[in-house]
J.: 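Here it is, the structure, as structure tokens.
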Amino acid sequence: ARLSTWSGDVCITGHDSGPVFEEQPSSVVYPEGLSEGKVTLNCQARASPAATYSWRVNGTDVPVGDPRYTLVAGNLVISSPQFGHDGGSYQCLAINRCGTILSRAANLKFGYLHDFPGEGRSPQTAYEGAGAFLACQPPAHYPALSYRWFVSEFPSFMKPDGGRWFVSQVTGNLYLAKAEPNDTASYFCFTTINMDISTKSTFSKANQLTVQPDGTGLCSAPAITVVPDPFSCPMKVDGLLPSKAGASAEGPILTLPDMTFHEEGVYECEAYNSEGRDTQQGRITVQAQPEWLQVMSDSEVEISSELHWTCVAAGKPRPSIRWLRNGQPLSTQDRVEVNGGRLKVINLALEDSGMYQCVAENKHGTIYSNAELRVQVQVPDFRSNPVRRLVPAARGGQVMMECRPRAAPKPTLFWSRGTELLTNSSRVTVTPDGMLRIHNISRADEGKYTCFAENYLGKANSTGHLSVRDATKITLAPSNADINQGENVTLQCHASHDPTMDLTFTWALNGALLDLEDPGGPYHRKETVGDLLIVSGHLSQAGTYSCTAQTVVDSASASAKLVVRGPPGPPGGLVVKNVASTSVELRWSRGYDNHSPIGKYVIMGHSPLSPGWKRMRTDPSNIEGNAESIRVVGLLPWMDYEFQVIASNILGSGEPSMSSHTIRTQQAAPTVAPSGLGGGGGDRNELIITWTPMAREYQNGDGFGYILAFRKQNSPTWVVERVSNVESSRYVYSNQSLSPYCLFEVKIKAYNRKGEGPFSQIAVVHSAEEEPTVAPLRINATALTAFEMQVSWDPIQHLSTNGILQGYEIRYWRQHEREASADRVRTAGLETTARVVGLRPSTRYHVTVMAYNSAGTGPASPRTTVTTRRPPPNRPPGNVSWKTDGSWVTVRWDHVKTLDNESAVLGYKHEGQSALKVLDKGKTSVTLPLPKDNGYVVLEIRSWGEGGDGAAQETIVSRDSGETWTDCVCPNNIFFLIKCTLVHYCP
């Protein structure tokens, strides 16, 4: 046990513990002028026995007897706090008989927010496109405010608007970038103060902002008139922004979340437009409250010894460190030395026991670390750690017997055997800490051994018995072995031992103990002996195997080497040298041959063009096993490559080497020409040339582009043009003197920074077509019927088409209509006649013809006119009757009479089972054969004339009946024909 300075009670070792805070007070902001209310400062500590509590304010004791102060458990409750009386720094003390600890400081402060002044604010004017700011000028307040602005009326608060608006949370000012006319309005600064109990807000008088037109009508360079407070506009530091800036790096407000010391430095904001640019710089300094890097821990130390404790804290500014003992400041005096974060106490006494605190603080905060010191004083005692009662030892071996009693201060230790005091000799060693060692043990060393301990408080002793046993010996040691990878091998190990003891075998590989209990593992041991079976030997299992036969008193070991032959290990140190445009030199160092000579090497390569690794060409193509360098050939210029080397022997190929660093081959002039050369089309006076853009693997260098050469067919002079964009696939050549559909010869080649490649094969391309320049002649329009006409013309000459003639367009319109409303019919190819249908009867039409190609239509031909014929009768032949005679039938009908506005009947047409037949107008009957396979036939009769065909009369003629259906006009629809047959009339 030890004594404590607390009330004279004893702090009992192993039973009591000093206080440890579980809850500490936090700072509070209380509204000034609030008459009825309470503030509670929390304080709870874990301790045995339970702690009692007291409080200090500004370093003096809190008068708990005052009715306004109440102590609830460890919590301090302040009723109706008063400004100027209760404000200050409060700390809690937790106390028991093991010591006292002091809590962190909690500040009680009074918050307030006055109203804005009542007088109005001066109007502000800004010019369109310029920047401006409105001052908030907040009233007196505590603590810090948060700021917002609203427009015209509450609560129309400002929105970010793409970063044009920014509200400083330092000054409250509202900043505007690139003013717009609709920004003209009244603006109000809205301030809010947040306290622990309540929140209060107030807003300013109106700030009238008027945005006026610039007046000059000129663009001007940007000017940053607001030096950035933290994160007020887009910034960059040393050319590189922290990645956490995200999308804000592109806007006027830079946001850096979770600031660390890495983000410290000078940031630059840059604004620019087509007229110029402006920059401003601001420095960000990151500071931090203290944070523990190393703290002390509870310690039990012997009386009269030394104590060394160290505390290390990080923070910015650098924290200062002070020490407390039982809540009181600790400084250098007498046996105590305080040096910043280091505490040293020499010649410890009982009164040094207690609770110690290390306090680190800077302007951003204070942190505490607690530890309990117990100074021990005790008479020697072996009860918790006596000398081992039975100590077995092997003959010829050695034994160690420990003597570790509890005692404070440290006791004097010595050993005896019977009545003989043991001292150091050739076989016996007694160490200062009480360890007894006996070497080369024999049977004569058996017996009782006693350790004696003594300090100024008293004495004690403890006795153990040494028993000597037969030594363990290896009788069959493992032999060296040599296998190929994948083969099994057994390593033998037998041993003799003292029969009164159990014998166990263990195996180790290169000193690391093997797991012999895993049934699925590669190692297995026979139960009766120590033999080790290795299944499917692997390269990693080669090495020195040690067999150990062990009893509780001694052990014996024997070793053997296992050689596992296999494919070579990976080559090392791969480097790339002498990089050229199509080749590189590789150098490497030989890897392990794994006991089988390396026969050859293979080089593997990888580039962005290939999804995986592939074998590379080398010079020479076969790489001998003693080689350590090679030249890789057949590479593409200006291409990124990585390489690996793989060694092989008669047992197979090994693992590849580590990949080389990525290299880029040297640039070279292009070696192939672009493909897909063609073109044509476009607008008037244009020549369009197209090609397939060159893929990355054919560019061979940067500064890549295309060189086009073209000329009119049979012209001796080439026109040469450069296209500098690697992605380009077309070029448009414009020239007012360019003839339409002119034949050009075109060729193309690629170039880069190193030179030019070969020209492609010559392709033939035509310049853009233009509309035909001449009109067809000898237009003739003939009315065929009341509804159609036929138009013919002479073709135009090929040289007048200005391109490839695609056909002719016929335009026609009625006499009293405008030409713009004409209907159109187009022919394809070289046809010079066309039928136009869908016309109106007895109508006069104007007709023109024009040629067309892909560029459009040419001029119209001279106009011709044509009048369609009168329409045919719209009545079918009537009074149809029929009569059968064997396999023939005779059909009769009445003549169709025409009206004055109808064309004359020139004859009749009938159509049935056979083809269409035409009769002259004098015929009103026809005899037809009946079909043999059908019982009836559908016969269609109509009139015809200059106006076309008249309406049709359909008649069903049956072989088995002489009945007739007269005046029955059925549509050419199978549904109605069936009804007509069944009910003998037309619906």
Side-chain angles (χ1 to χ4, degrees), residues 1-25 41-56 59 61-62 64 71-76 90-106 292 294-313 321-331 335-338 341-361 366-378 406 408:
R2 65 172 172 84
L3 296 177
S4 171
T5 57
W6 182 80
S7 301
D9 290 345
V10 176
C11 180
I12 303 173
T13 300
H15 179 270
D16 295 347
S17 61
V20 176
F21 281 119
E22 293 183 330
E23 186 175 11
Q24 299 188 57
L41 301 177
N42 297 324
C43 182
Q44 296 295 326
R46 179 180 70 252
S48 178
T52 61
Y53 301 91
S54 64
W55 285 80
R56 296 175 183 169
D61 293 337
V62 172
V64 178
L71 202 59
V72 181
N75 302 336
L76 178 65
Y90 287 78
Q91 286 181 285
C92 169
L93 289 90
I95 311 158
N96 75 356
R97 63 191 179 202
C98 293
T100 302
I101 55 175
L102 184 66
S103 76
R104 70 189 177 199
W292 289 120
Q294 179 182 345
V295 295
M296 73 278 202
S297 58
D298 293 342
S299 299
E300 291 186 0
V301 186
E302 296 173 352
I303 194 169
S304 302
S305 63
E306 289 188 359
L307 170 71
H308 294 271
W309 267 338
T310 300
C311 286
V312 180
I321 295 181
R322 54 190 174 89
W323 293 83
L324 304 175
R325 179 169 63 192
N326 293 325
Q328 299 298 324
L330 200 59
S331 59
R335 297 175 295 105
V336 177
E337 179 182 336
V338 176
R342 291 190 293 273
L343 172 65
K344 178 181 178 182
V345 183
I346 62 174
N347 194 21
L348 284 166
L350 289 175
E351 60 266 24
D352 295 321
S353 298
M355 299 300 298
Y356 287 74
Q357 291 177 283
C358 180
V359 185
E361 55 191 341
T366 303
I367 56 176
Y368 289 74
S369 173
N370 307 333
E372 182 178 358
L373 173 63
R374 297 190 178 189
V375 179
Q376 300 290 332
V377 56
Q378 183 176 355
R406 291 178 60 89

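Just the heavy atoms: all of them, side chains too, but no hydrogens, waters or symmetry mates, feed the values below.
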J.: Is there a side-chain contact between Arg374 and Asp298 (heavy atoms, below 4.5 Å)?
T.: no

J.: Parallel, tilted or perpendicular, judged at 30° and 60°: which one describes the rings of Tyr356 and Trp309?
T.: perpendicular

J.: May I have the step-by-step check of side chain to side chain contact (heavy atoms under 4.5 Å, CB included) for Glu351 and Val375, ending in yes or no?
T.: CA-CA 8 Å; Glu351 60 266 24; Val375 179; over 6 Å; no

J.: Is the shortest heavy-atom distance from the side chain of Asp61 to the side chain of Ser54 under 4.5 Å?
T.: no

J.: Other residues, nucleotides and ligands only: do more than 12 of their heavy atoms fall within 6.0 Å of CZ on Arg335?
T.: yes

J.: Nearest 0.5 Å, please: how far is CD in Gln376 from CZ in Arg406?
T.: 6.5 Å

J.: Counting distance only, does the side-chain N/O of Asn370 pair as donor-acceptor with the main-chain N or O of Gln357 below 3.5 Å?
T.: no

J.: Do you know which of Val359, Thr100, Ile101, Leu330 makes side-chain contact (heavy atoms from CB on, under 4.5 Å) with Leu324?
T.: Val359

J.: Under 3.5 Å, side chain of Ser369 to main-chain N/O of Cys358, donor-acceptor pair present?
T.: no

J.: For the residue pair Asn42 and Pro25, establish whether any side-chain heavy-atom pair is separated by less than 4.5 Å.
T.: no

J.: Taking 4.0 angstrom as the limit, do Asp352 and Arg325 come out as a salt bridge?
T.: yes

J.: So how far is it from Ser103 OG to Tyr90 OH, rounded to the nearest 0.5 Å?
T.: 12.5 Å

J.: With side chains defined as the heavy atoms from C-beta onward, is the minimum distance between Asp16 and Asn96 less than 4.5 Å?
T.: no

J.: Quick check: does any side chain N or O of Ser297 sit under 3.5 Å from a backbone N or O of Val295, one acting as donor and the other as acceptor?
T.: no

J.: Please report the shortest heavy-atom distance between Pro19 and Ala47, naming the atom on each side.
T.: CA-CB, 3.7 Å

J.: Which residues pass the side-chain hydrogen bond (donor to acceptor under 3.5 Å, both in side chains) test with Gln44, sequence neighbours left out?
T.: Asn75

J.: Show the nearest heavy-atom pair for residues Ser305 and Val301, with the distance to one decimal.
T.: OG-CG1, 2.8 Å

J.: When rounded to the nearest 0.5 angstrom, what distance separates OH in Tyr53 from CG in Leu93?
T.: 11.5 Å

J.: If you look at every heavy atom in Trp292 and Val312, which pair is closest and at what distance?
T.: CE3-O, 3.5 Å

J.: Residues in side-chain hydrogen bond (donor to acceptor under 3.5 Å, both in side chains) with Gln328, at least two apart?
T.: none

J.: Can you find a heavy atom in the side chain of Leu102 that is under 4.5 Å from one in the side chain of Arg56?
T.: yes

J.: Show the nearest heavy-atom pair for residues Arg104 and Gln24, with the distance to one decimal.
T.: N-OE1, 2.8 Å

J.: Rounded to the nearest 0.5 Å, how far apart are CD of Glu372 and CD of Glu300?
T.: 8.5 Å

J.: If you compare all heavy atoms of Cys43 against all heavy atoms of Trp55, which two are closest, and at what distance to 0.1 Å?
T.: CB-CZ2, 3.5 Å

J.: Please round to the nearest 0.5 Å and tell me the distance separating atom CG of Leu307 and atom CG of Leu343.
T.: 6.0 Å

J.: Compare all side-chain heavy atoms of Leu373 with those of Leu348 and state whether any distance is below 4.5 angstrom.
T.: yes

J.: Is there a side-chain contact between Ile346 and Lys344, using heavy atoms and a 4.5 Å cut-off?
T.: yes

J.: Would you name the heavy atoms of Ala94 and Phe21 that are closest together and state the gap between them?
T.: CB-CE2, 4.0 Å

J.: Could you grab the distance from atom CD of Glu361 to atom OH of Tyr368, nearest 0.5 Å is fine?
T.: 7.0 Å

